[in-house]
Amino acid sequence: MNTEMLCAQSEQDIAYAAQLIKNGELVGIPTETVYGLGANGLDPCAVAKIFEAKGRPQDNPLILHIAHPAQMQELCQNIPQSAWLLAEKFWPGPLTMVLPVKDIVPKVTTANLSTVAVRCPKTEATRKLIDLAGVPIAAPSANRSGKPSTTTAEHVLNDMNGRIAAILDGGACEVGVESTIVDLTDETPRLLRPGGITPEELTELLGALEVDPAVLGQIANDTVVRAPGMKYKHYAPQAQVIIVDGNSQAAAEYIRKRFQKNDAVLCFTEELPLYEQLNPLAYGSAQNNMTLSAGLFSALRALDAPEISTIYARCPEGGGVAYAVRNRLKKAAGFCVVNAEEEA
Ligand code: AMP
Ligand code: MG
């Protein structure tokens with residue numbers, strides 16, 4: 001299969017991509033979070049192709065992307081008031097809600113769960129595409145399973161060339177990490193995955209918010225989890241990632257002491273001078289967490305090479321978007337975190 005590169009600025013290309021979706025083909029789609037691997041979410045055969053192209057385990061459900069909040073009603077039932085409030089405040093935007101599913105959604109999309117995840121993305125071209133296709137678009141991140149997510153059309157081409165019909169190039173993703181997922185099927189809303197919409201913003205609107213244990217630490221492989229995707233190793237380059245916490249000086253000292261020829265350093269822009277001769281890679285500024293979320297996956301992909309053995313990574317702490325960046329880096333690191341101030 002020849003993977004065509006289409007342009008999100010072209011009405012004609014969007015219409016062509018919509019036709020591909022209607023025909024049951026796969027299209028790489030731009031969103032403000034990461035690129036998605038899209039298919040007609042109501043067509044089991046089309047959805048099955050997503051799992052095949054990604055090499056994704058069948059028990060990892062997909063998010064359905066809609067063009068208008070009202071479309072929630074076509075896919076979900078017993079929608080609580082809180083869902084409409086969240087939609088009004090954060091849609092279109094990087095928030096996914098988990099709600100009880102209606103029968104219209106095929107089992108393969110929800111991995112047999114009684115719930116479905118829905119999101120209305122901010123990227124206008126993609127909402128136009130969903131409208132023209134006339135169906136919700138099921139889309140996981142457009143990377144090969146287990147690899148760092150894709151935040152440019154080139155990333156998608158690298159992972160999916162020959163496996164999918166087309167990629168709609170909408171430039172680099174603005175947020176850069178996957179959507180915030182909140183489960184609204186229980187009395188207390190539960191955060192399943194942090195993202196561009198922060199826990200603070202959710203709590204302000206919802207009052208109470210539980211944080212799923214999988215967000216905070218590693219969970220055993222045989223655990224039954226709310227979001228099955230949470231149990232798999234994620235976002236990971238081939239090398240072992242070690243997060244080095246502590247102030248800049250202590251971290252640099254810790255890393256310089258241990259650094260070997262095939263290792264790599266992933267740091268904040270401000271810290272580049274501390275790693276002279278170690279060929280460091282910066283993914284954003286410590287002063288601006290949005291630059292870190294936007295740059296994280298590109299950096300992890302750049303360091304995804306068989307010859308690299310250990311990646312020493314600097315990682316933001318605290319709330320807001322930093323919470324999502326830290327969650328992704330911790331997963332990439334298999335939760336390996338050291339504190340340079342304690343372990344000099
Ligand atoms: P990805 O497509 O790789 O960005 O991951 C999508 C995430 O959404 C996965 O972690 C899924 O487990 C999660 N998800 C999708 N549908 C549901 C659902 N019905 N309940 C809980 N989590 C879900
Ligand atoms: Mg993913």
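Below, all heavy atoms of this structure are taken into account, side chains as well, without hydrogens, waters or symmetry copies. Here the structure is a predicted model, which is why all the values come from computation and not from measurement. Atoms within each ligand, like the ligands themselves, are counted from 1 in listed order.
For E200, the CD atom counts as densely surrounded, since its 6.0 Å shell holds more than 12 non-hydrogen atoms of other residues, nucleotides or ligands. In the displayed structure, N247 atom CG is contacted under 6.0 Å by more than 12 heavy atoms of other residues, nucleotides or ligands. Counting heavy atoms of neighbouring residues, nucleotides and ligands inside a 6.0 Å radius, atom NZ of K49 exceeds 12 of them.
The main-chain N or O of P148 is found under 3.5 Å from a side-chain atom of R301 such that the two form a donor-acceptor pair. Remark: the backbone N or O of Y254 is paired with a side-chain donor or acceptor of R258 at under 3.5 angstrom. T3 contributes a side-chain N or O that, together with a main-chain N or O of I164, makes up a donor-acceptor pair within less than 3.5 Å.
The side chain of N60, and not its backbone, has at least one atom closer than 4.0 Å to an atom of ligand 1 (non-hydrogen atoms only; side chain from C-beta on). With a 4.0 Å cut-off on non-hydrogen atoms, L192 touches ligand 1 through its side chain and not its backbone.
Heavy-atom proximity to L113, at under 4.0 Å, picks out these atoms of ligand 1: 18 (C), 19 (N), 20 (N). Heavy-atom proximity to V116, at under 4.0 Å, picks out these atoms of ligand 1: 19 (N). Every atom of ligand 1 is numbered from 1 in the order shown, and the set under 4.0 Å from a heavy atom of I181 is 7 (C), 8 (O), 13 (C). Of all atoms in ligand 1, listed by their number and element, those nearer than 4.0 Å to a heavy atom of V98 are 20 (N), 21 (C).
In this structure, T110 falls outside the shell of residues with a heavy atom less than 4.0 angstrom from ligand 1.
Relative to atom 1 (P) of ligand 1, the option among R56, E178, K54 with the closest non-hydrogen atom is R56. Looking at S179, P61, A214, A111, it is P61 that brings a heavy atom closest to atom 14 (N) of ligand 1.
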Begin from the C-alpha positions of Q238 and I308 and carry the test side-chain contact (heavy atoms from CB on, under 4.5 Å) through to its verdict. CA-CA 8 Å; Q238 295 160 69; I308 300 179; over 6 Å; no
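Taking only nitrogen or oxygen atoms, main chain and side chain alike, T115 reaches within less than 3.5 Å of ligand 1.
Considering all non-hydrogen atoms of both residues, N262 and E307 come closest at CB-O, 3.3 Å.
When distances to the Mg ion (ligand 2) are checked against a cut-off of 2.8 Å, S149 contributes no N, O or S atom below that limit.
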